[in-house]
Amino acid sequence: MPELPEVEVAARNLRRWAIGRRVRTVQADARARRILRPAAPRALAALAGARFEDVRRRGKNLLVTLTKGRGGHIGIWSHLGMTGKWLRRRTRDAPPRFARVRIDLDDGVTLHYADMRLFGRFRLVPDARFESLADIAALGPDPLNDGIDVDRLKDRLARTRLPIKVAILDQTLLPGVGNIQASEGLFRAGIDPRRAAKSLSRAELARLARGLLDSIRYTLKTFKQSGADGAGSDIEYVEERRIANPSLVYGRAGEPCPRHKRDTIVRIVQAQRATFFCRKCQR
DNA sequence: ACCCGTGTTCGCTG
DNA sequence: TCAGCGAACACGGG
C-alpha cells in the first residue's frame, strides 16, 4: 500500500534492519527482470560485500546507499509501485509470497523485496549518485521532510486547468502524494476535488497543504499504533494484521460524512482514478 | 465471469 | 510546443 506514509514506514524499517550490516548474497527470480535495472538478475552481484550506510526517502522513492571497497559507494533506487513491500525474514525461513529480490545479510536476516504486480522498480545506481537520475532530480521538495511551500504551489498551479485532485498527484509538485492522500487532504481542507487547480486562492492552497500534511502524519501515527510499521515484531513485518482503515473518506462511498453525518461520501472517477468526497462540505 | 486496484509511462491528439 | 487523455503494464482479490 505505497504512498508517502507507507514508503516512510519502509524506510524506517530498512534503517532498523540493515544499517551497518554487510550483504552476503543477492538473488532475483526470473520475473524480477521486469523491475530490475540492469535487467540481468546476475548484475545484482555488484551488491555483494557492500555495507548498508544510509536509507533516504524522497516522495515514494527509497534511496539506499551502501559503501563498497575503500571509499566507494553503490546505490539502490527502490520504488514500490502498486504492490511492492520490503519484508524481513530469517535467512533460513521460507521467502514470503511474491518475493522477487532477496538480500542475505551477515546477521542471519534476509531482506525480501516482494511485488505481486511488478509495477515497482529496483535499480542499481553506480556510486549512489541519485541526483544524476532525471526522475529523482525532477521531484519537488518532500512534503514530510521539507514542508509544503504554498507560494510555489500557487505558482505551479496558476495555469493548470486540471481538476485540483488530479493536479496534486504530480510528483514534481508534491512527491509522495498519491490517490488516497489526495482525497484525504482535499476533504480535510474542505475543497471540491473537481475544481480547476488554477481557481484555488492562496488561502485555499494553504488549507490544502495543511490538510495533506495532517493526513500524512495521521496515517503514519495510525500505522505506528497498530504495529503495521513492524516495530513491535522482531522478524515478521506485519503483513496480514488487520488494521482499521485510517481514511476519513477514501474507500467510504455510501458512508456518512464524518464531519456532519447528514450526507454520504460519494465516489467519482477522475483521470481514470477513484476520488472520494463529500458534496456538502467540500466546495 | 466481471469489475476493481494505494503508480507510472508512453503514444496520440488538438 | 505541450497539456491532457486513455491505454498499457501484471496479477490478484472480492
Side-chain angles (χ1 to χ4, degrees), chain A residues 1-11 28-37 39 57-62 77-86 96-100 113-123 133-140 143-144 155-187 193-198 212 215-216 218-220 222-223 226 228-229 239-240 242-254 267-277:
Chain A
M1 352 172 11
E3 290 187 24
L4 192 156
E6 292 84 357
V7 182
E8 175 66 18
V9 167
D29 77 352
R31 276 191 295 188
R33 173 174 290 270
R34 177 167 297 279
I35 60 173
L36 290 179
R37 184 173 294 180
R57 180 193 56 74
R58 280 192 63 185
K60 300 168 191 167
N61 300 276
L62 290 166
W77 172 23
S78 165
H79 191 294
L80 305 179
M82 290 276 268
T83 52
K85 295 174 181 176
W86 279 97
R97 251 190 126 186
F98 309 117
R100 308 298 188 188
Y113 176 67
D115 192 344
M116 180 182 79
R117 288 173 74 182
L118 294 167
F119 287 170
R121 278 178 215 154
F122 190 111
R123 300 190 182 177
L133 303 170
D135 291 324
I136 299 299
L139 293 175
L144 186 62
D155 283 350
R156 284 285 307 270
L157 296 176
R159 284 163 298 281
T160 302
R161 283 181 293 261
L162 285 173
I164 185 65
K165 154 64 165 45
V166 178
I168 60 177
L169 294 176
D170 180 345
Q171 299 297 291
T172 71
L173 189 64
L174 293 166
V177 172
N179 205 39
I180 294 176
Q181 298 302 329
S183 279
E184 295 294 297
L186 285 160
F187 174 75
R194 299 167 295 184
R195 285 181 53 192
K198 59 193 278 189
L212 287 166
S215 176
I216 287 166
Y218 176 78
T219 306
L220 263 174
T222 304
F223 288 161
S226 71
D229 64 349
E239 266 184 290
E240 306 301 340
R242 291 303 246 176
I243 71 171
N245 177 0
S247 299
L248 298 175
V249 294
Y250 186 86
R252 296 195 183 279
R267 176 188 184 276
I268 62 172
V269 173
Q270 299 179 286
Q272 304 174 293
R273 323 231 23 216
T275 300
F276 297 85
F277 72 110

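A, B, ... follow the sequence lines: proteins, then strands. Residue 1 opens every chain.
Heavy-atom minimum distance, A:Phe223 versus A:Pro5: CE1-CB, 3.9 Å. Minimum interatomic distance between A:Gly178 and A:Lys60 (heavy atoms only, all atoms of both residues): CA-NZ, 3.7 Å. Across all non-hydrogen atoms, the minimal contact from A:Ala253 to A:Arg267 is CB-CB, 3.9 Å. In plain terms, the two heavy atoms of A:Glu3 and A:Asn179 that are nearest each other are OE2-N, 3.1 Å. Taking every heavy atom of both residues into account, A:Gly59 and A:Val7 meet most closely at O-CG1, 4.2 Å. The two atoms that bring A:Ala182 and A:Val177 nearest to each other are N-CG1, 4.0 Å, heavy atoms only.
Candidate nucleotides C:dG6, B:dT9, B:dG7 were compared by shortest atom distance to the side chain of A:Glu3, and B:dG7 ranks first. Closest to the side chain of A:Ala274, out of C:dG6, B:dG5, B:dT8, is B:dG5. Between B:dT6, B:dG7, C:dG6, one nucleotide has an atom nearer to the side chain of A:Glu6 than all others, and that is B:dT6.
A search for ring-ring contact (aromatic ring centres under 6.0 Å, His included) contacts involving A:Tyr250 returns A:Phe276, not counting sequence neighbours. Scanning for ring-ring contact (aromatic ring centres under 6.0 Å, His included) contacts around A:Phe277 gives an empty result, with sequence neighbours left out.
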Base-pair string, DNA chain C, Watson-Crick plus G-U, cut-off 3.5 Å on both distances, | for inter-strand, is .||||||||.||||
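Summarising the geometry, the separation between CG on A:Leu133 and P on B:dT8 is reported as 15 Å, rounded to the nearest angstrom. In this structure, A:Arg273 places its CZ atom 15 Å from P of C:dC5, rounding to the nearest Å. Nucleotide B:dT8 holds its C1' atom 11 Å from the CG atom of A:Asn61, rounded to whole Å. The interatomic distance linking A:Phe119 (CZ) with B:dG5 (C1') rounds to 9 Å, in whole Å. Going from atom CG of A:Leu157 over to atom C1' of C:dG4 covers 15 Å, rounded to whole Å. Counting to the nearest Å, the C1' atom of B:dT8 and the CG atom of A:Leu80 are 13 Å from each other. B:dT8 atom P lies 10 Å from atom CG of A:Asp170, rounded to whole Å. Taking atom CD1 on A:Ile168 and atom P on B:dT6, their separation rounds to 14 Å, with Å as the unit.
For B:dG7, one of the phosphate oxygens OP1 or OP2 lies less than 4.0 angstrom from a side-chain nitrogen or oxygen of A:Lys60. For the pair A:His79 and B:dG7, the criterion of a side-chain N or O lying under 4.0 Å from OP1 or OP2 is not met. Close to B:dC3, at under 4.0 Å from its OP1 or OP2, lies no side-chain N or O of A:Arg267.
With a 4.5 Å cut-off on side-chain heavy atoms, A:Lys165 and A:Leu169 count as touching. For the pair A:Ile164/A:Leu157, a side-chain contact is recorded, criterion being any heavy-atom separation below 4.5 Å from C-beta on. Using a 4.5 Å heavy-atom threshold, the side chains of A:Glu184 and A:Thr219 count as separate.
Counting non-hydrogen atoms under 4.0 angstrom, A:Gln171 reaches the backbone sugars and phosphates but no base. Contacts of A:Asp135 with the nucleic acid, taken as non-hydrogen atoms under 4.0 Å apart, involve only primed sugar atoms and P, OP1 or OP2.
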Salt bridge (charged side-chain N to carboxylate O under 4.0 Å, His left out) between A:Asp115 and A:Arg100, worked out: CA-CA 7 Å; A:Asp115 192 344; A:Arg100 308 298 188 188; 6.0 Å; no
Full working for side chain to side chain contact (heavy atoms under 4.5 Å, CB included) between A:Asp170 and A:Arg156: CA-CA 11 Å; A:Asp170 180 345; A:Arg156 284 285 307 270; 3.4 Å; yes
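A:Gln171 contributes a side-chain N or O that, together with a main-chain N or O of A:Gly176, makes up a donor-acceptor pair within less than 3.5 Å. Judged purely by atom type and a 3.5 angstrom limit, A:Arg161 has no side-chain atom pairing as donor or acceptor with the backbone of A:Ala196.
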Extract from the structure each pairing of a protein N or O with an N or O of nucleotides 11-14 of chain B at less than 3.5 Å, listing the distance.
none

Taking only N/O atoms, report every protein-nucleotides 1-3 of chain C pair under 3.5 Å with atom names and distance.
none

Filtered N/O pairs between nucleotides 11-13 of chain C and protein, under 3.5 Å:
from	atom 1	to	atom 2	distance (Å)
C:dC11	OP1	A:Arg31	NH1	2.9
C:dG13	OP1	A:Arg97	NH1	3.4

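Only the P atoms considered, C:dA7 is 15 Å distant from B:dC3, to the nearest whole Å. Nucleotides C:dG6 and B:dC4 place their P atoms 16 Å apart, quoted to the nearest Å.
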